[in-house]
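Structure first, then comments.
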Amino acid sequence: MSCEFTNESTGAEGQQEIEVEFGQWFSVVPKTDCPHAETAVSNIPDHFREDASTKPCEICSNPEENWVCLCCYEILCSRYKNCHMLEHFNDNNTHCVGASFSDLSVWCFSCDAYIKNPVTQELLKLMHKAKFGEEPPVSGHTSYAHSSAEQIKEVEE
């Protein structure tokens with residue numbers, strides 16, 4: 001299935017490809033200045049705190065590649081399945097920030113970019129615990145998620 005993305009933003013600002021010395025590795029650097037995160041991310045509801053597991057898409061019941069809308073906390077499938085998360089954004093563009101259960105990334109549809117913002121950290125910790133059955137590992141970083149470029153640098157050190 002193919003999805004049409006109707007966002008007219010050119011996006012991808014703040015994202016860059018990084019070539020690592022020892023090969024052709026590329027990393028997406030999450031946007032840290034997304035103007036939508038502060039207003040599009042709602043408080044985590046109790047029902048999500050109690051069961052932040054990877055439930056199926058609320059529209060098609062597909063159990064794979066699901067995202068959670070960080071405004072209303074609906075669980076919807078990705079553009080690689082039946083596109084319900086993308087349709088949700090296209091129907092209501094204020095619901096522009098979502099988190100993936102697959103890789104625990106956060107995407108802003110309005111910015112057309114992965115984002116990293118402190119307002120998503122508590123949610124990502126809950127999602128990590130639901131997915132792996134334990135708290136996320138503690139690192140020297142101030143936030144739960146850090147970029148692949150930072151991870152590569154840590155491996156090199």
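Using modelled atom types, one side-chain atom of Asn66 and one backbone atom of Asn62 make a donor-acceptor pair closer than 3.5 Å. Listed for the Tyr73 side chain is no donor-acceptor partner under 3.5 Å among the backbone atoms of His47. Of the possible donor and acceptor atoms, one in the side chain of Asn117 sits under 3.5 Å from a partner among the backbone N and O of Val119. Checking side-chain atoms of His128 against main-chain N and O of Glu134 turns up a donor-acceptor pair under 3.5 Å. In this structure, Lys131 contributes its side chain and Ser102 its backbone to a donor-acceptor pair below 3.5 Å.
Aromatic ring pairs are classed by plane angle as parallel below 30°, tilted from 30° to 60° and perpendicular above 60°; the pair His95 and His88 is perpendicular.
Under the 4.5 Å side-chain criterion, counting only non-hydrogen atoms from C-beta, Cys111 is in contact with Pro35. By the 4.5 Å heavy-atom criterion applied to side chains, Trp67 and Ile75 are not counted as neighbours. Between Phe48 and Val68, the closest side-chain pair of non-hydrogen atoms falls below 4.5 Å. A heavy-atom distance below 4.5 Å is not found between the side chains of Cys96 and Trp107. Looking only at side-chain heavy atoms (C-beta outward), Phe89 and Val97 stay at 4.5 Å or farther from each other. Put simply, the side chain of Arg49 reaches to within 4.5 Å of the side chain of Glu122, judged on heavy atoms.
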Exercise for review: Dump the intermediate steps for side chain to side chain contact (heavy atoms under 4.5 Å, CB included) on Thr94 and Thr39, then the final yes or no.
Suggested key: CA-CA 9 Å; Thr94 60; Thr39 56; over 6 Å; no
Exercise for review: Tell me, with the steps shown, if Cys60 and His84 meet side chain to side chain contact (heavy atoms under 4.5 Å, CB included).
Suggested key: CA-CA 8 Å; Cys60 69; His84 291 124; 3.5 Å; yes
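Between Glu64 and Lys81 there is a salt bridge, since a side-chain N of the basic residue sits under 4.0 Å from a carboxylate O of the acidic one.
In this structure, OG in Ser100 is found 7.5 Å from OH in Tyr114, a value given to the nearest 0.5 Å. Remark: Asn43 CG to Leu70 CG distance equals 11.5 Å, nearest 0.5 Å. Taken from CD in Glu74 to CD in Glu58, the straight-line distance is 5.0 Å, to the nearest 0.5 Å. Taken from CD1 in Ile59 to CG in Asn82, the straight-line distance is 9.5 Å, to the nearest 0.5 Å. Rounding to the nearest 0.5 Å gives a distance of 8.5 Å between NE2 of His36 and CG of Asn93. Rounding to the nearest 0.5 angstrom, the gap separating the CG atom in Asp33 from the NZ atom in Lys116 is 13.0 Å.
Around the CG atom of Asn92, the shell of radius 6.0 Å holds more than 12 heavy atoms that belong to other residues, nucleotides or ligands.
Annotation for Pro30 and Ile115: closest pair CB-C, 3.8 Å, computed over non-hydrogen atoms. What you find for Met85 and Gly98 is that their closest heavy atoms are CE-CA, 3.8 Å. Heavy atoms only, all atoms of each residue included: Leu124 and Leu104 are closest at CD2-O, 3.4 Å.
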